[in-house]
Amino acid sequence: MTSAQPHSQQAQPQPQPQPQSQQPPHHPPQAYPAPGGQQQDYAPDATQGGGVRRPRTGARTVPRIRKARLRVAKADPWSVMKVSFLLSIALGICTIVAVAVLWMVMDAMGVFETIGRTISEATESTESGGFDLESFLSLPRVLTFTSIIAVIDVVLATALATLGAFIYNLSAGFVGGVELTLAEDE
């Protein structure tokens with residue numbers, strides 16, 4: 001054997017690559033109407049480098065509305081608790097602001113003074129001057145009472161919403177949950 005390489009490792013001729021034919025690129029049909037308003041197909045055009053749209057025959061002119069039927073099978077109690085907590089805090093703040101504005105409007109109109117005078121005359125006796133409604137319904141006292149009610153409301157609303165999520169999950173296990181039908185706007 002005069003050759004340095006064994007027969008199986010000798011260089012074999014490589015196949016030459018075949019030249020590929022030049023085909024225009026594939027352009028899928030368009031799903032949305034052309035800017036002119038009509039539905040068109042895609043046909044090649046050399047001037048724009050891409051193509052020209054030609055109208056399709058027999059195309060639908062009424063838009064199709066897609067609908068989906070979904071079922072709410074489970075409400076996560078943790079997320080319900082977080083959302084209800086934030087919403088009840090917002091409701092509590094709105095309540096405090098509304099009570100403060102209402103008190104200021106009623107005070108400016110003289111409602112407390114008029115009612116206080118009437119109650120004072122009705123409860124007046126020889127030894128005492130009667131009940132002083134204006135000092136009892138002062139703004140700090142009213143806002144303190146409203147704040148206490150708002151805090152109780154936050155705690156109760158959060159607890160009731162979380163309990164409602166647990167009850168919904170139990171009932172959805174029996175009956176399957178609430179079914180919704182969603183439609184896409186066109």
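Because only heavy atoms are used, hydrogens play no part in the values below, and waters and symmetry mates are left out as well, while side chains stay in.
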Distance, nearest 0.5 Å, that separates [atom1] of [X] from [atom2] of [Y]:
| X | Y | atom1 | atom2 | answer |
| --- | --- | --- | --- | --- |
| Ile167 | Leu160 | CD1 | CG | 9.0 Å |
| Thr162 | Phe85 | OG1 | CZ | 11.0 Å |
| Leu180 | Arg69 | CG | CZ | 9.5 Å |
| Phe112 | Ser138 | CZ | OG | 10.0 Å |
| Leu86 | Leu91 | CG | CG | 12.5 Å |
| Met109 | Thr114 | CE | OG1 | 9.5 Å |

Just so I know, are the side chains of [X] and [Y] near enough to count as touching, which here means a heavy-atom distance under 4.5 Å?
| X | Y | value |
| --- | --- | --- |
| Arg71 | Val178 | no |
| Thr95 | Asp153 | no |
| Met104 | Leu139 | yes |
| Val72 | Tyr168 | yes |

Determine whether [X] and [Y] fall in the same hydrophobic cluster, where Ile, Leu, Val, Met, Phe, Trp and Tyr are linked whenever their side-chain heavy atoms lie under 4.5 Å apart.
| X | Y | answer |
| --- | --- | --- |
| Val155 | Met81 | no |
| Phe166 | Leu170 | no |
| Phe136 | Leu143 | yes |
| Met106 | Phe145 | no |
| Leu102 | Ile115 | yes |

Any idea which heavy atoms bring [X] and [Y] closest together, and the distance?
| X | Y | value |
| --- | --- | --- |
| Val80 | Ala161 | CG1-O, 3.4 Å |
| Ser88 | Val154 | O-CG2, 3.5 Å |
| Lys74 | Pro77 | NZ-CD, 4.4 Å |

Side-chain donor or acceptor of Trp103 paired with backbone N/O of Leu137 under 3.5 Å: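 Yes.
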Report the C-alpha distance between Lys67 and Leu182 in whole Å, list the side-chain angles of each, state the deciding distance to 0.1 Å, and finish with yes or no for side chain to side chain contact (heavy atoms under 4.5 Å, CB included). CA-CA 6 Å; Lys67 292 184 178 181; Leu182 303 176; over 6 Å; no
